[in-house]
Structures are given as C-alpha cells and as structure tokens.
Amino acid sequence: MTDSDTDSKDSSAGPASSNFIRHMIAQDLAEGKHGGRVHTRFPPEPNGYLHIGHAKSICLNFTVAAENEGLCNLRFDDTNPEKESQEYVDAIKENINWLGFHWHGEVRYSSNYFSELYEFAVQLIGRSCAFVCSLSAQESREYRGSLTEPGRNSPDRERSVAENLDLFARMKAGEFEDGAYSLRAKIDMASPNINMRDPVLYRIRHIEHHQTGSEWCIYPTYDYSHCISDAIENITHSLCTLEFEDHRPLYNWILQHLDIHSLRAASDLADSDLDYVLPQQTEFAKLRLNYTMMGKRNLREMVESGVVSGWDDPRMPTLAGMRRRGFTPASIRNFCESIGVARSDSVVDMAMLEHAIRDDLDKVAPRAMCVLNPLKVTLSNIEAGHVESLSMANHPKDEAMGRRQVALTREIVIDRADFEEQPAAGFKRLRPGGEVRLRGAYVMRCDEVVKDDAGKVVELVCSVDKATLGKKPEGRKVKGVVHWVSADLGVKVSVRLYDRLFNVENPEAKDVADYRACLNPDSIVELSDCMLEAAAVGESAASSFQFEREGYFCLDVADSRAGKPVFNRTITLRDSWSD
RNA sequence: UGGGGUGUAGCCAAGUGGUAAGGCACAAGGUUUUGAUCCUUGCAUGCGUUGGUUCGAAUCCAGCCACCCCAGCCA
C-alpha cells in the first residue's frame, strides 16, 4: 500500500485502460526522467463543492500515482481569498476521503508558500524579469492589445530594479490600496500568446484569508503560484485541463527564470540527494455530461436561488449530492475509469454514469420489497390475524448476503401499476380473473375488483394457490411476478423519485438564454404513502437497497425522522417494458 | 482575422505503417419467482475532407473544412 492507494479493490473494474497519460508516464519512467518518481497532486480551489468533473481529475491523479508506486498530494489552490472559504476546504477533504483516496502527508495549501512565493518574486525582480506596474486594471486591459493586435509596453516596464524592490516591499507592507499597483512578469507584450504579455504575478487585496488571516495584503495569481507550488512539492506530473494549455509556456517561463538551486532549496526534497527536476504540465479534456450543468458559477447559482435544496441536493452533480442520492464511491471510480482520458472535447452520455451505479449496486445492494403506490389486496383464503413468515434471499445470486423473514398477511398492498382492468397486449401483471406470482410467495388470482363511487379501483379481492409456495403452478404458466408488502406489518415510508434536473442535453449551451427554462419539472416526485417491508428499516438495516422491480434506493439520513424514514431513488432498474 | 488545440459508430474510446480493441446505447435470441441481473449474437469495407508518399495509410506529408480554448489584478 502506498499513500495514494485506494481503500478497496474495485471488483468490477476491468483492466486499466490505455490512455495518453499512462503512456507518457510509462515512457518517462523508462527514460528515468524524474529519477523514477511519479508525484501528482489534486489542486482544487476551495471556492465551491467538488462535482463529478473533479472526480475525474481526482481519480486520474491518485490512480496514476498509485499504479506507479508514486504519491499524490492534496493542495488547496487558495490564492484568491475573495471567493474561498473554510467550509469548502472541509467539504472537499471529506469528499476525497469518501471516494476512497488518501493524499500523501499533510494537506497542502498554496498559502503555505506565500513567504517562498514572495522571495521568488523578489528574485525575479532582481533578475529584471518582473516589475511593479501602476496601470489600473482597465488601463492594463487597453495595453494588452487584442487577439490580432500586439500589446504595448507598460510605461513602468523599465523601472529600475531598486525602485521595483522598494515598491514591491511597500505593496507587501500595505502602503497602497487595492489595485494601485501590481507585480508583472517582463516577457513580451507582442507575444501571440496573450498569457505571455507581461502577466500579473501579484495583486493587492486588503482582505482576510481563510488560512493566513490578515498576514498578507498581496496575493499571487494562479499562473505565478501554481508552477512554483508544484516545484516546491516536487511534483513530477502536473495534470490539468485543456484550457490551461496556453498557460504552459508561462508555467515553464517562470520556473526557468528562477534560480534552480533556490527552487530546490525551497522544495520538500531539499535535503535528499535526488536530482532536482522541474515539474511538467500535461493537459487533458475535462468531463462533460449531458443533461448536466457543471460550471461552478451555475451550480452556486442554483444553490443560492433555491432551485435545489443545497450543494448536496440529490439532483446535483456534486459529490455531496451524488452521495446523498446513493451513488457509491466504487461506482464513481469505475465510471471515471470507463470514460477514459483524452484530449478531445467530448460529452459523456448520462447512460454511462447510470450504468456504473446500477452495475455496482446490483452486486452490493440487498433486495427488499417496497410498494410505491399502494393498492389494497385482500387475500380471501388467508385468515385474518394469521401471519405467515416467509424466508427470502437478500440477493438472488449471493447467498453470503443472507436471508430475511417477510410477513404475509390477509391484507397486503401491491403497486397500482401492477394491475390493469384492460391491459394492453404484452402486459404480464395482474388483470381481473388473472394470476400473478407474489414474489417469494404464492401465485395469486384476482377474483374481484372493488371500486368506489367514482369508479376508481380501491381494492382487489384475490385468493392464493397454496400449492405454489416455492413451486410452479400445475397446468398453467404464470408469467408475471409482483412485489408486495403486508398492509399491517409493513412500514410506511416516504420515497423521493429523482430524475434528471434538465430536459435539454446541454443546459449551458450558448443558445440557452436561461437554464431555468430547461428545468425538468418532474426532477423530484415525492411519494409519502409507500409501504416498505419491516426488515428494511431499523438500526441494522443497510443504507442502500434494491427495491425489487423498482430500482435502487437509499435512506436519506438528513431528512428521515423517527418513525418516518425517507428514501431517495438513486436510479431505476433498466426497463425493457416501459410503462 | 493572431495563437493554442481537437476531429475514429448515436455516446465515450483504443489504435503510434501491416489491413478498425473495448465499454455505453440500441436490436434480436436464451435463462429467470425482479419485464432486473446473467448469457449469446448483431451493430464502422470505415477513421472530418481532398490529394500525395508507400507493396500497404486511421497512422507519414500537403491543402481544405468543422468545432473548442485564450484579450480577469479568476482558477
């Protein structure tokens, strides 16, 4: 086991699939490029909750390290205190642990390195590679030029080293107000790559930081801090998403313009005799899922506007939401492995995710019977008060999951959808005069349909064939099987049926003016009169079940109350019949 | 119209000069006391496109087309 190993083996995970990052690392290892080390990092900014897209990156970074006896750090990229908070730090750590990954050593923060980052900035100034600029944000935008036109040099670009040093020290000391000055790299205002047009390295922000409090009033930018943080942590492979590709020249420029000996001295490996090698950035395509919004800004918007109940609403693509929905860590890891890692923009079909969770839950979730829309059935040839205890397997293929007792009584409930007075062709369930198998029990015949004044079916009077317990009926075939629960001995529960949040494939598409117009009005349907078999509730009950013939459900711990459990539908069963 | 990328089936994706893996989805059978699971079979004479090189090209070369990213003191 290494630090980056996962908690459990994924029994269902096939062999690791080939991808360009695995190839690259194998080749780097073969060439001894980083002294045989593989050290990755997952660098979230604590400005929101992790979502399934982050899971792809987490799985990539941690598994690629584990596969090569390497290490993976967790580093909060916390250089913009304005948008960040401890709440997010805590949630992110918990999500990663829940997924089953363990970062190497202590949690890191870019803010851990603020002192080093400052000293390296002083070094860049000393080397005439950076200068203090007095242009406002607006002015600097004008000076930057455009996609097709080169920019112009800042009037401060040739400020003396001494003056730059003095100004930068005073920036740090808090002498200036926000925006009065910035520290910029001195690269090339005519570069076709706009990121190289003297990018800002430090900005003044008189604001409290969740980790460093009021110690600093200047904060480094992403481009400046990320590469140096990687170098300090001796990261070998810095994996990020495609939009940072244009930043790679800057990533390399900063590291190459710093004294490698001082970089080494500031790094975790300062005292080792390993070769000091600069980290290399490699980009891959981020995950996109259809019928889903992944933009942090949009997710936050949905939470704040109350479109969903919170970051952990079971309809959210956040890890917190998916967990509450009933997704297992293994299902998410398997999904991330199954989608691959490549450089082409792609949109993964939701069906892939649904397959991953069904695949895992089919194996691990015990079965139970729960009637969602109860219809009373009186079994005329079972005495009132009689309780027949039937033994049922918790899993049809896994005896190790044990058995449970299920009570059959005179009055039971079945689902309304399992009875039709005038069924369409192919209907295998109950009809007047027809027979159906009560799952795990007897074959039952419908003798009488009881209706109310409005003509609504309110009860069925049926009789069971007592010769059919564990046996096929004689002289006829009964195709349909129906789940049921004792009306007296079952437990009343609430069940939330979840469906996709959006009814368009891409709610973030440019031609969608407002995602609110694309919300699926049936993304949550709450049923409060469901009847669940008693064995499925209580202290020792499992948290996830397959409610037979319906789908996979999990107990909602947050909203369940004593005597009134609430279950969330994780996903339906595949249904080749379709209602 | 500058720079950086990407195009293999409905979706994801392997493939790195020797004749198109795999998964999802879908379809058809079989098993089944879950219309589930499981099993079997089918599903690209074709790799954005047009040319070229080669005995041989998804792989190499050239042109063209489409789409994505970049002008935050966000990450």
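The chains referred to below are lettered A, B, ... by the order of the sequence lines, with proteins before strands, and numbering in each begins at 1. Predicted model, so just to flag it, every value in this text is computed and none were measured. Side-chain atoms are counted along with the backbone in the values below, which use heavy atoms only and exclude waters and symmetry mates.
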Distances under 3.5 Å only, N/O to N/O: pair up the protein atoms with those of nucleotides 17-23 of chain B.
none

Would you please say whether a donor-acceptor pair under 3.5 Å links the side chains of Gln138(A) and Ser136(A)?
no
Name all pairs fulfilling the side-chain hydrogen bond (donor to acceptor under 3.5 Å, both in side chains) condition that reach into residues 174-189 of chain A, sequence neighbours left out, sorted by first residue then second.
Arg170(A)-Glu175(A)
Specify whether Phe114(A) and His209(A) have parallel, tilted or perpendicular ring planes, treating 30° as the upper limit for parallel and 60° as the lower limit for perpendicular.
perpendicular
Taking 4.0 Å as the cut-off, does a side-chain nitrogen or oxygen of Lys83(A) come that near to OP1 or OP2 on rA75(B)?
no
C1' atoms of rC69(B) and rA75(B), separation to the nearest Å
15 Å
Any side-chain N or O of Arg205(A) below 4.0 angstrom from OP1/OP2 of rC74(B)?
yes
Under 3.5 Å, which donor-acceptor pairs link side chains of residues 19-29 of chain A to any protein atom two or more places apart or in another chain?
| unit_1 | atom_1 | unit_2 | atom_2 | d |
| --- | --- | --- | --- | --- |
| Asn19(A) | OD1 | Ile21(A) | N | 2.9 |
| Asn19(A) | OD1 | Arg22(A) | N | 2.8 |
| Arg22(A) | NE | Glu67(A) | OE1 | 3.0 |
| Arg22(A) | NE | Glu67(A) | OE2 | 3.3 |
| Arg22(A) | NH1 | Ser17(A) | O | 2.7 |
| Arg22(A) | NH1 | Glu337(A) | OE2 | 3.0 |
| Arg22(A) | NH2 | Glu67(A) | OE2 | 2.6 |
| Arg22(A) | NH2 | Glu337(A) | OE1 | 3.2 |
| His23(A) | NE2 | Ser18(A) | OG | 3.0 |
| Gln27(A) | NE2 | Glu31(A) | OE2 | 3.3 |

Between C1' on rU33(B) and CG on Leu408(A), what's the gap in Å once rounded to a whole number?
15 Å
In whole angstrom, give me the gap between the P atoms of rU6(B) and rG10(B).
23 Å
With respect to the side chain of Pro192(A), which nucleotide from rG3(B), rA13(B), rC70(B) is positioned closest?
rG3(B)
Is the closest side-chain heavy-atom distance between Glu45(A) and Glu84(A) below 4.5 Å?
yes
Among rC11(B), rA71(B), rC12(B), which nucleotide has an atom closest to any side-chain atom of Asp349(A)?
rC11(B)
rC73(B) to rC64(B) separation - P atoms, rounded to the nearest Å
34 Å
N/O-N/O pairs, protein side and nucleotides 64-66 of chain B side, under 3.5 Å:
none

Per Ile339(A) side chain, nearest of listed nucleotides rU33(B), rA13(B), rC12(B):
rC12(B)
Could you spell out the base pairing of RNA chain B as a dot-bracket line? Use Watson-Crick and G-U wobble contacts where both distances are under 3.5 Å, [ ] for crossing pairs, | for partners on a different strand.
.(((((((.[[[..)..(...]]].(((((.......))))).....[[[[[..)....]]]]])))))).....
Side-chain donor-acceptor contact under 3.5 Å, Ser389(A) with Gln405(A):
yes
Whole-angstrom distance between rU8(B) and rA58(B), as gauged at atom P:
15 Å
Is it possible for you to check whether Arg500(A) lies under 6.0 Å from the centre of the six-membered ring of Tyr291(A), through NZ or CZ, and within 45° of that ring's axis?
yes
Taking only the P atom of each, what is the distance from rG46(B) to rG63(B) in whole angstrom?
27 Å
Given the ring of Phe131(A), does Arg159(A) sit roughly above its face, with NZ or CZ under 6.0 Å from the centre of the six-membered ring and within 45° of the axis?
no
Pick the P atom in rC43(B) and in rA21(B), then give their distance to the nearest Å.
11 Å
Can you find a pair of side-chain heavy atoms, one from Tyr251(A) and one from Pro249(A), that are under 4.5 Å apart?
no
Taking only N and O in the side chain of Arg343(A), is any of them less than 4.0 Å away from OP1 or OP2 of rU6(B)?
yes
Evaluate the ring planes of Tyr202(A) and Tyr224(A), with Trp represented by its six-membered ring, and classify them as parallel (under 30°), tilted (30 to 60°) or perpendicular (over 60°).
tilted
Considering just the side-chain nitrogens and oxygens of Arg297(A), establish if one lies under 4.0 Å of OP1 or OP2 belonging to rA75(B).
no
Indicate whether OP1 or OP2 belonging to rC73(B) is found under 4.0 Å from a side-chain N or O atom of Arg144(A).
yes
Side-chain N or O of His247(A) less than 4.0 angstrom from OP1 or OP2 on rG4(B)?
no
I'd like the P distance from rA9(B) over to rG22(B), given in whole Å.
15 Å
Pick the C1' atom in rC11(B) and in rU16(B), then give their distance to the nearest Å.
25 Å
Side chain of Ile194(A) only, heavy atoms from C-beta on: which candidate in rC70(B), rG5(B), rC74(B) is closest?
rC70(B)
Do Phe553(A) and Phe545(A) have ring centres separated by under 6.0 Å?
no
Ring of Tyr442(A), cation from Lys466(A) - is the NZ or CZ under 6.0 Å from the centre and inside 45° of the axis?
no
Nucleotide nearest Glu45(A) (side chain, heavy atoms from C-beta), chosen from rC74(B), rA13(B), rG2(B):
rC74(B)
Output a table of nitrogen or oxygen pairs between the protein and nucleotides 34-37 of chain B separated by less than 3.5 Å.
| unit_1 | atom_1 | unit_2 | atom_2 | d |
| --- | --- | --- | --- | --- |
| rU34(B) | N1 | Glu548(A) | OE1 | 3.4 |
| rU34(B) | O2 | Gln546(A) | OE1 | 2.7 |
| rU34(B) | O2 | Arg549(A) | N | 3.0 |
| rU34(B) | N3 | Gln546(A) | OE1 | 2.5 |
| rU34(B) | N3 | Glu548(A) | OE1 | 3.3 |
| rU34(B) | O4 | Arg367(A) | NH1 | 2.5 |
| rG35(B) | OP1 | Arg549(A) | NH1 | 3.0 |
| rG35(B) | O3' | Ser576(A) | OG | 3.4 |
| rG35(B) | O2' | Asp575(A) | OD1 | 3.2 |
| rG35(B) | N7 | Arg429(A) | NH1 | 2.5 |
| rG35(B) | O6 | Lys428(A) | N | 2.9 |
| rG35(B) | N1 | Gly426(A) | O | 3.0 |
| rG35(B) | N2 | Gly426(A) | O | 3.3 |
| rA36(B) | OP1 | Ser576(A) | OG | 2.9 |
| rU37(B) | OP1 | Arg574(A) | NH1 | 3.2 |
| rU37(B) | O2' | Asp362(A) | OD2 | 2.9 |
| rU37(B) | O2' | Lys397(A) | NZ | 3.2 |
| rU37(B) | O2 | Lys397(A) | NZ | 2.8 |

